[in-house]
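Residue numbers start from 1 in every chain, and the chains themselves are labelled A, B, ... in the order their sequence lines are given, proteins ahead of strands. Source: prediction; values computed, not measured.
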Number of protein chains: 2
Amino acid sequence: MMPATERPDEPAAQGPAGTQTLIRGLRVLEVMAVQNRPIGVGELSRLIDLPKSTVQRLLRTLGQEGWAEMSSDPTTRWRLSPRLLALARTGAPWKTLREAAILHLAALGARTGETIHFSVLDRDVQMVLIDRVDSIHPVRTFNAIGASTPLHTSASGKAVLAMLPLDEVERILARPLEKVMPNTSTDPRHLMHQVLEAKERGYAVNISENRPHVCAVGAAVAGPGGRPVAAVTISMPDVRFEPARVPEWGAWVRDTARAITDTFTD
Amino acid sequence: MMPATERPDEPAAQGPAGTQTLIRGLRVLEVMAVQNRPIGVGELSRLIDLPKSTVQRLLRTLGQEGWAEMSSDPTTRWRLSPRLLALARTGAPWKTLREAAILHLAALGARTGETIHFSVLDRDVQMVLIDRVDSIHPVRTFNAIGASTPLHTSASGKAVLAMLPLDEVERILARPLEKVMPNTSTDPRHLMHQVLEAKERGYAVNISENRPHVCAVGAAVAGPGGRPVAAVTISMPDVRFEPARVPEWGAWVRDTARAITDTFTD
DNA sequence: GCACACCGTCTCACTGAATGACACGGAGTC
DNA sequence: GACTCCGTGTCATTCAGTGAGACGGTGTGC
C-alpha cells in the first residue's frame, strides 16, 4: 500500500488551480478509501501531512454532507459512508451503458455457464468492474463490483487497448507496468504483440496475469465516437480453461460486445 | 427528481462549519450523480445556483483529482469518473464485512437457488446493496450493486429496524414515509407491528413493497456494538414466493445472518 | 500517585485562497 | 448583422480557511 504522504509527481503541472480546500477534502476521502478501516483524526492528519485541526474541520464537513461517517466507539473513528456507493452507482453515464448491456450479458452467461464481467475504462488507466453475472459452477471466480485492474494485466484491458489507436497504445505501454502476478507480462513489445493479435481476432486473452488461477477471454465495446468505453469478459478458473475452446469463447464474447455496442450507440 | 436549487431546510443547523469550497465541490459531484448524464458548466451552475466561473474552477479541480471526467464532443461536457466506483468499493469498513459474509452468502445461495442480497445500513436512512449472489433460475430478480432502498420498504430495512432500540424505530417511522409501490405500507403503527413481529421471529418479509413482483425474506447482521450494520435477504419473483415456505426461508436467512455476525465480530 | 504521551476537540487572530463580476471569442439562430 | 448562449479566462476584493496552541480525558509506565 503506497503511503499517501509522498507525492513526487505532484508539484509540477499544478497551474493556478485555486481550490485547495476541495483538493484536501477529496484527499481525505481517498486516504480513507485506501486505508479501508475506521481511522482517527490524528492518524489521518499524519497520513496526509496536514494539521489536525484542518483535518478535523474537513471531516466534520464530510460528515455533515453525508460522505463520511463517525463512530464513537471508545474514541472517534471516521469512515466512508455507504452512500458513496449509492452515488457512484446512480450517477454515471455508464448507467445507460449497463442497461444496454445487461440482457446480452445474461445471455452470454447462460450460454457459457461461466462468470461474465462487464467493466468500463477509467481515464485510460484502469478497468473498473461495474456488473457481473455469476457462473453456475460450484467452482467459480469471484470479483467484486468496483474492482479495478491495470490495462495490461486483464483480458478487458487488452481488449480495450486493441481498439485504441496504435500510438496511444504505445504511449500507454511506455508507462511503468506493474507485475501483478508471476504470469504478468511487463514487456511493452510482448504486450504490443498481444494487442495486435487481439485486434486481428477481435478478442483478448488473460491467463492468470491478474489473479491466480483466473483466466479470461474478453472483447471491447465502443462508444458513439468509435473509441472503446467498456469490455465484456468470460472469466473462469484455470481448471476449466481449455485452450482449444478459446476461439469459440472468443467469437461469443466478440459478438456479445458487438451487440452491446450496437444497442448502446443506437 | 428534486431540483437541487431549493434547499429550505439548509440554513438552520449550520453552525460555524467553515469549508464552503469543499461543500460546493461535493454538491457538484452530487448533482452530476443525480443528473446522470454529461452536463455542461452553465447548466450545472444554474442547478446549484452558483456563478459559472466558480463552478468551472471546481470542475477543473475535480477533473485534476480524478473525480470527474471531461469530454469535448462538440462542447465540453462533464461527468463522474468510474474511479468513484473503484474508490467506493475499496474504501469502506464493509470490505471486511463482505469478506466475512461472502462464503455464507454463497452457501445460502446454493441452498435456496434464489438471489441473495447483502446490504449495509447507511446513516439510519437507507439500505445500500453491496453484494449479490445470482439465482440459478432463468426467471430471477435483478438489482444493481449500489442500489438503495428506504428502511420501511424492504426486508433488509425492516430486519435492521427490528434490531434497533424501539425508541429509535419510532423516531425513524415518524419521518415522512415514501409510498414506493401500491403495496408499500406508510402507516407507522402497521410498520411498527411488522417490526415487532420481525424482532420476535428473527426475520422480516417484504411482499412487493419495494419493486413490483419482487418478494424477499431478510435478517440483520450486528456489528461489534450489537447494533445492526447490514442485512442478508433472499430475493425472488412473486411466482416462486410460497407463504408456506416463509418460516423455512426465515430460519435459513436468520442463521446465515447470525453466522456472519459471529464471523464478523470475532 | 504522578508524570507523561497521545487522543479528539475547539478557539481565534491572521492572511492568502477562494470568489464572482466581467470580458472574450466562438457557435447557433433569426 | 444583431442577438443569445456557450465555455473559458482574468483579477481586485475580501471573507472563508487556516493552523498554532490551549484544553480535558484516557491509558501507560514508573
- What about Arg57(B): does its side chain form a donor-acceptor pair under 3.5 Å with the base of dG9(D)?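 By the distance-only test, no, there is no pair.
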
Between [N] atom [atom2] and [X] atom [atom1], what is the distance in whole Å?
X: Ile23(B); N: dA16(D); atom1: CD1; atom2: C1'; result: 11 Å
X: Leu58(B); N: dA16(D); atom1: CG; atom2: C1'; result: 14 Å
X: Leu44(A); N: dC7(C); atom1: CG; atom2: P; result: 12 Å

- Would you please test Asp49(B) and Arg27(B) for salt bridge (charged side-chain N to carboxylate O under 4.0 Å, His left out) and show each step? CA-CA 11 Å; Asp49(B) 193 28; Arg27(B) 208 83 93 190; over 6 Å; no

Show the distances under 3.5 angstrom between N or O atoms of the protein and N or O atoms of nucleotides 3-8 of chain D.
unit_1	atom_1	unit_2	atom_2	d
dC6(D)	OP1	Arg46(B)	NH2	2.8
dG7(D)	OP1	Val41(B)	N	3.3
dG7(D)	OP1	Arg77(B)	NH2	3.2
dG7(D)	OP2	Gly42(B)	N	2.8
dG7(D)	O3'	Thr76(B)	OG1	3.1
dG7(D)	N7	Lys52(B)	NZ	3.0
dT8(D)	OP1	Thr76(B)	OG1	3.2
dT8(D)	OP2	Gln56(B)	NE2	2.5
dT8(D)	O5'	Gln56(B)	NE2	2.8

- Message: Which residues pass the side-chain contact (heavy atoms from CB on, under 4.5 Å) test with Leu103(A), not counting sequence neighbours?
- Response: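 Testing Leu103(A) for side-chain contact (heavy atoms from CB on, under 4.5 Å), a comparison that skips the adjacent residues, returns none.
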
If only side-chain N and O atoms of [X] are considered, is one of them under 4.0 Å from the OP1 or OP2 phosphate oxygen of [N]?
X: Arg24(B); N: dA16(D); value: no
X: Thr54(A); N: dG19(D); value: yes
X: Gln20(A); N: dT18(D); value: yes

- Query: Does a side-chain N-to-carboxylate-O contact under 4.0 Å join Glu168(A) and Arg227(A)?
  - Reply: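 Arg227(A) and Glu168(A): salt-bridged.
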
- Query: Would you call Arg175(A) and Asp124(A) a salt bridge, using N to O less than 4.0 angstrom?
  - Reply: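 Looking at Arg175(A) and Asp124(A), the cut-off is not met.
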
- Task: Please determine which of Leu26(A), Leu22(A), Thr19(A) meets the side chain to side chain contact (heavy atoms under 4.5 Å, CB included) test together with Glu65(B).
- Result: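 With Glu65(B) as partner, Leu26(A), Leu22(A), Thr19(A) yield a single side chain to side chain contact (heavy atoms under 4.5 Å, CB included), made by Leu26(A).
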
- Specify the angle, to 10°, made by the local axes at the two ends of the helix from dG1(C)-dC30(D) to dC30(C)-dG1(D) when five pairs are taken at each end.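 That helix gives 30° between its end axes.
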
- Among Arg79(A), Arg77(A), Arg83(A), the one residue meeting salt bridge (charged side-chain N to carboxylate O under 4.0 Å, His left out) with Glu69(A):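 With Glu69(A) as partner, salt bridge (charged side-chain N to carboxylate O under 4.0 Å, His left out) holds for just one option, Arg79(A).
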
- Task: Could you walk me through whether Trp78(B) and Gln35(B) pass side chain to side chain donor-acceptor pair (under 3.5 Å), step by step?
- Result: CA-CA 11 Å; Trp78(B) 293 85; Gln35(B) 290 297 317; over 6 Å; no

- For Arg132(A) and Arg132(B), indicate whether the former's side chain and the latter's backbone hold a donor-acceptor pair under 3.5 Å.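 Yes: the side chain of Arg132(A) pairs with the backbone of Arg132(B).
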
